[in-house]
Amino acid sequence: MTTSGPEFLKTADERGFIHQCTDSQALGELASKGPIHAYIGFDATADSLHAGSLVPIMLLRLLQRCGHKPIVLMGGGTTKVGDPSGKDEQRQLLDDARIDANIQGIRRIFENFLTFGDGPTDAVMVNNADWLDDIQYIPFLREYGRHFSVNRMLGFDSVKLRLDREQPLSFLEFNYMVLQAYDFLELSRRQNCVLQMGGSDQWGNIVAGIELTHKSDHKQLYGLTTPLLTTSSGAKMGKTASGAVWLNDERLSAYDYWQYWRNTEDADVGRFLKLFTDLPMDEIARLEALEGADINEAKKILANEATRLCHGEATAAAAAETAAKTFEQGVIAEDLPTIEVTTGDLEAGIPAFELMRRAGLANSNGEARRLIKGGGGRLNDVAIAGETAKVALADVNADGVIKLSAGKKRHALVRPA
């Protein structure tokens with residue numbers, strides 16, 4: 001789908017991406033004249049993003065599909081500072097080598113969602129370390145610091161919440177909003193960027209960048225924020241009992257990623273289809289109208305489409321086939337997440353709770369113990385007898401593996417090595 005400029009705002013709105021926009025009418029008029037350049041920033045705190053970052057990723061994808069140019073700004077510089085927005089404590093500081101490695105891992109994810117290149121609507125990835133690392137402190141303060149009111153900065157939600165909770169906010173973090181505002185100014189100069197997008201918690205930082213650019217260069221920029229997303233039950237998007245839903249298959253298997261979307265709550269299916277797939281709105285309307293057991297078909301389509309975008313067509317099909325074998329045909333699928341354990345260890349016997357943790361079915365031994373105690377831990381489809389039970393070589397089944405399960409929907413295989 002490639003459509004004319006104003007369609008971006010209309011489509012983004014009907015699919016649920018827009019929370020606030022500084023001047024939607026003026027922005028729409030600008031977009032109608034040709035491709036606009038817009039950016040979203042991502043700090044490089046890990047070598048992968050997780051599903052909580054999918055709303056901005058899909059918004060950049062939609063922007064490109066509507067004929068505009070997405071700019072992915074990697075925070076090689078700001079990662080060294082730490083964004084206080086939504087944080088209860090100071091971020092762990094990373095060195096340059098770790099940050100660079102993280103950026104490379106994140107770029108591989110974006111290459112699945114965006115088309116990069118040199119064309120007028122091809123995506124580009126830039127790094128704010130290119131301009132932030134060489135800032136001279138006193139000249140920077142004289143030139144740009146004078147445009148920021150500390151009184152106003154103290155009223156920003158990202159700062160106010162930390163202070164209200166009497167949690168320490170370092171001067172390092174307090175500078176973050178100034179640096180983010182400066183990013184917008186630099187991108188307007190270097191990339192002709194006119195629009196910054198981000199989560200609703202970034203509104204104050206985005207407006208600060210618009211105002212700084214207006215005062216410094218007398219240019220008009222725009223801001224757009226997306227709603228902060230939670231599931232219908234109030235859970236944070238991209239989190240499960242087992243941890244983050246990573247977009248990198250080295251951190252989370254494509255099968256587990258598929259399962260995450262397959263397990264979507266009924267009330268969220270329509271909303272997630274709009275946000276996390278490219279399906280047309282009339283097809284989404286048909287799917288979200290399904291009721292009873294039929295809603296499971298919509299969930300499978302959501303899982304297939306979301307996994308296809310993140311991991312590719314063949315991988316999504318394989319994950320769906322694995323799920324069908326496991327849940328519908330009652331057989332053990334070889335593509336289930338698998339760990340290897342030495343035959344010697346199995347001969348000695350391994351506590352079931354420890355094996356569940358090692359297989360990624362629990363975050364800790366304590367969590368695995370509680371799961372087993374509550375009847376949710378299963379060994380070869382039979383409830384584990386007790387939280388101190390051991391798994392041994394005798395538990396290897398006819399397929400040459402041991403099947404571990406956490407509840408009815410999460411499974412892993414243990415293979416003797």
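All values below were derived from every heavy atom in this structure, side-chain atoms included, with hydrogens, water molecules and symmetry-related copies excluded.
Under the 6.0 Å distance and 45° angle rule, R61 does not count as a cation-pi partner of F113.
In terms of modelled atom types and a separation under 3.5 Å, the side chain of K69 and the main chain of G119 share a donor-acceptor contact. Here the side chain of T264 pairs no donor or acceptor atom with the backbone of D268 at under 3.5 angstrom. Using modelled atom types, one side-chain atom of N102 and one backbone atom of D47 make a donor-acceptor pair closer than 3.5 Å. Using a distance-only test at 3.5 Å, with no hydrogens or angles considered, a donor-acceptor pair links the side chain of K219 to the main chain of S188. Side chain of H19 to backbone of T225: no donor-acceptor contact under 3.5 angstrom is found. Of the possible donor and acceptor atoms, none in the side chain of R142 sits under 3.5 Å from a partner among the backbone N and O of I138.
Here the closest non-hydrogen pair linking A44 and I103 is CB-CG1, 3.6 Å. N128 approaches G76 most closely through the heavy-atom pair OD1-N, 3.2 Å. Q64 and A123 make their closest contact through NE2-N, 3.3 Å (heavy atoms, listed as atom of the first residue, atom of the second, distance).
With rounding to the nearest 0.5 Å, the separation of NE2 in H147 from CD in E211 is 11.0 Å. Note that CG of L275 is 10.0 Å distant from CG of L302, once rounded to the nearest 0.5 Å. Atom CG of L49 and atom CD1 of I109 lie 5.0 Å apart (nearest 0.5 Å). The structure places OG1 of T322 at 9.5 Å from CD of Q259, a figure rounded to the nearest 0.5 Å. Expressed to the nearest 0.5 Å, how far CG of D256 lies from CZ of R251 amounts to 14.5 Å. In this structure, CD on Q191 lies 12.0 Å from OH on Y39, to the nearest 0.5 angstrom.
Inter-residue side-chain proximity for T11 and E14 is flagged as met; some heavy-atom pair is nearer than 4.5 Å. With contacts defined as side-chain heavy-atom distances shorter than 4.5 Å, the pair Q202/Q180 qualifies. Inter-residue side-chain proximity for R369 and K373 is flagged as unmet; no heavy-atom pair is nearer than 4.5 Å. Annotation: side chain of V401 is not in contact with side chain of V396 (no heavy-atom distance under 4.5 Å). L224 places none of its side-chain heavy atoms less than 4.5 Å from the side chain of F17.
Atom CZ of R189 has more than 12 heavy atoms from other residues, nucleotides or ligands within 6.0 Å.
Between K10 and D13, no side-chain nitrogen of the basic residue sits less than 4.0 Å from a carboxylate oxygen of the acidic one, so the salt-bridge criterion is not met. Using a 4.0 Å cut-off between charged nitrogen and carboxylate oxygen, E367 and R370 do not count as a salt-bridge pair.
Applying the salt bridge (Lys or Arg N to Asp or Glu O under 4.0 Å) rule to R15 yields no partners; only residues at least two apart in sequence or on another chain are considered. Applying the ring pair (Phe, Tyr, Trp, His ring centres under 6.0 Å) test to F110 and every residue at least two apart in sequence or in another chain returns F42. The ring pair (Phe, Tyr, Trp, His ring centres under 6.0 Å) test applied to H37 returns no partner, not counting sequence neighbours.
One side chain, W131 or D183, offers a donor N or O that lies under 3.5 Å from an acceptor on the other.
Screening V269, L287, L273, L290 against K299 for a side-chain contact (heavy atoms from CB on, under 4.5 Å) leaves a single residue, V269.
Legend: side chain to side chain donor-acceptor pair (under 3.5 Å) pairs involving residues 110-127, not counting sequence neighbours, sorted by first then second residue: R107-E111. Within the structure, salt bridge (Lys or Arg N to Asp or Glu O under 4.0 Å) contacts touching residues 17-26 (residues at least two apart or in different chains) do not occur. Residue pairs meeting the salt bridge (Lys or Arg N to Asp or Glu O under 4.0 Å) criterion with at least one partner in residues 125-139, sequence neighbours excluded, are K80-D133.
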Derivation of the side-chain contact (heavy atoms from CB on, under 4.5 Å) call for L27 and T22: CA-CA 9 Å; L27 179 60; T22 53; over 6 Å; no
